[in-house]
Chemist: 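The structure under discussion is supplied below as C-alpha cells; questions concerning it will follow.
In this text the structure is predicted, and so the values were computed from the model without any measurement.
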Amino acid sequence: MLCSRFGKGVGHVALSSAIIFGVGATGVSATPLTPFRHEDQAQRHCPGDKVVWLDFKKGVYYRKGQRRYGQGFDGSFVCANEARDSLYRSSPLGLR
C-alpha cells in the first residue's frame, strides 16, 4: 500500500515540474553580447557589422555620430546585431 502511494506521489511531482518548467518556454533566446572597452576591438570582432556603444544602465545603444557614443562608465562597444538581438533598443536621439 505504501509503495503504490509513493509511486503516485512521484508521478504527480514529475507532472507538476514538467508543467511548471514547460509552460512559457518559447524559442526566443538572446544573442550573447561580447562587450569591448575599445571600438577597434569590437570592429575586429564583427568586421561585417557596425559597432555601437551600449549603455547597460539605460538599456540603450548609440550609433557612431550620436552625442553619447562612447560616453559613460556603464557601457561598452558591441556589435550592432548583437545589441539588437539581445533586445536592447536604439537611442531615439538624433545624429550630430
Side-chain angles (χ1 to χ4, degrees):
M1 186 85 165
L2 181 60
C3 292
S4 63
R5 285 186 182 172
F6 179 74
K8 287 182 183 179
V10 171
H12 289 293
V13 170
L15 178 61
S16 299
S17 62
I19 291 171
I20 290 171
F21 292 114
V23 173
T26 61
V28 177
S29 64
T31 303
L33 283 174
T34 309
F36 295 95
R37 201 73 217 133
H38 301 283
E39 183 179 9
D40 58 337
Q41 294 172 327
Q43 192 62 64
R44 282 193 302 269
H45 174 71
C46 50
D49 195 8
K50 292 186 179 186
V51 174
V52 296
W53 175 258
L54 179 58
D55 187 331
F56 294 111
K57 196 171 190 179
K58 294 179 182 176
V60 174
Y61 62 88
Y62 301 97
R63 294 178 305 277
K64 193 169 192 163
Q66 287 183 303
R67 186 174 190 175
R68 297 190 181 181
Y69 180 81
Q71 302 295 315
F73 296 106
D74 295 323
S76 289
F77 292 102
V78 298
C79 303
N81 286 334
E82 288 180 6
R84 198 174 314 112
D85 292 345
S86 295
L87 305 180
Y88 287 96
R89 56 189 170 82
S90 177
S91 171
L93 301 175
L95 299 174
R96 283 193 233 178

Chemist: Checking Gln41 now: which residues fulfil side chain to side chain donor-acceptor pair (under 3.5 Å) with it, not counting sequence neighbours?
Modeler: none
Chemist: Tell me the closest heavy-atom pair linking Ser86 and Leu33, and the distance in Å.
Modeler: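 Where Ser86 meets Leu33 most closely, the heavy atoms are OG-CG, 3.7 Å.
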Chemist: Ignoring hydrogens, what is the shortest heavy-atom contact between Gly72 and Arg37? Give both atom names and the distance.
Modeler: O-NH2, 4.3 Å
Chemist: Could you list all the salt bridge (charged side-chain N to carboxylate O under 4.0 Å, His left out) pairs where at least one residue sits in residues 38-49, not counting sequence neighbours?
Modeler: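 For residues 38-49, and leaving out neighbouring residues, the salt bridge (charged side-chain N to carboxylate O under 4.0 Å, His left out) pairs sorted by first residue read Glu39-Lys64, Asp40-Arg44.
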Chemist: Would you say that Ser91 contacts Gln66 through its side chain, given a criterion of any heavy-atom pair below 4.5 Å between the two side chains?
Modeler: yes
Chemist: Does the Trp53 side chain pair with the main chain of Gly75, one donor and one acceptor, at a distance under 3.5 Å?
Modeler: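 No, the answer is negative, given that no donor and acceptor are paired below the 3.5 Å cut-off.
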Chemist: Specify the closest pair of heavy atoms between His45 and Cys79, including all atoms of both residues, with the distance to one decimal.
Modeler: CD2-SG, 3.6 Å
Chemist: Is any side-chain heavy atom of Leu54 closer than 4.5 Å to a side-chain heavy atom of Ser76?
Modeler: no
Chemist: For the residue pair Phe56 and Tyr88, does the interplanar ring angle fall in the parallel (under 30°), tilted (30 to 60°) or perpendicular (over 60°) class?
Modeler: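 Phe56 and Tyr88: perpendicular rings.
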Chemist: With sequence neighbours excluded, what pairs up with Arg84 under the side chain to side chain donor-acceptor pair (under 3.5 Å) test?
Modeler: Asn81
Chemist: Main chain of Cys46, side chain of Gln43: is a donor-acceptor contact present, judged purely on distance under 3.5 Å?
Modeler: yes
Chemist: Please name the pair of heavy atoms, one in Asp55 and one in Tyr62, separated by the smallest distance, quoted to 0.1 Å.
Modeler: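 The answer is CB-CE1, 4.1 Å.
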Chemist: Hey, what do you get for CZ (Phe77) to NE2 (His38), rounding to the nearest 0.5 Å?
Modeler: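 With rounding to 0.5 Å, CZ (Phe77) is 9.0 Å from NE2 (His38).
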Chemist: Please report the shortest heavy-atom distance between Asp74 and Lys57, naming the atom on each side.
Modeler: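 Heavy atoms of Asp74 and Lys57 come nearest at OD2-CD, 3.1 Å.
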Chemist: For the residue pair Tyr61 and Ser90, establish whether any side-chain heavy-atom pair is separated by less than 4.5 Å.
Modeler: yes
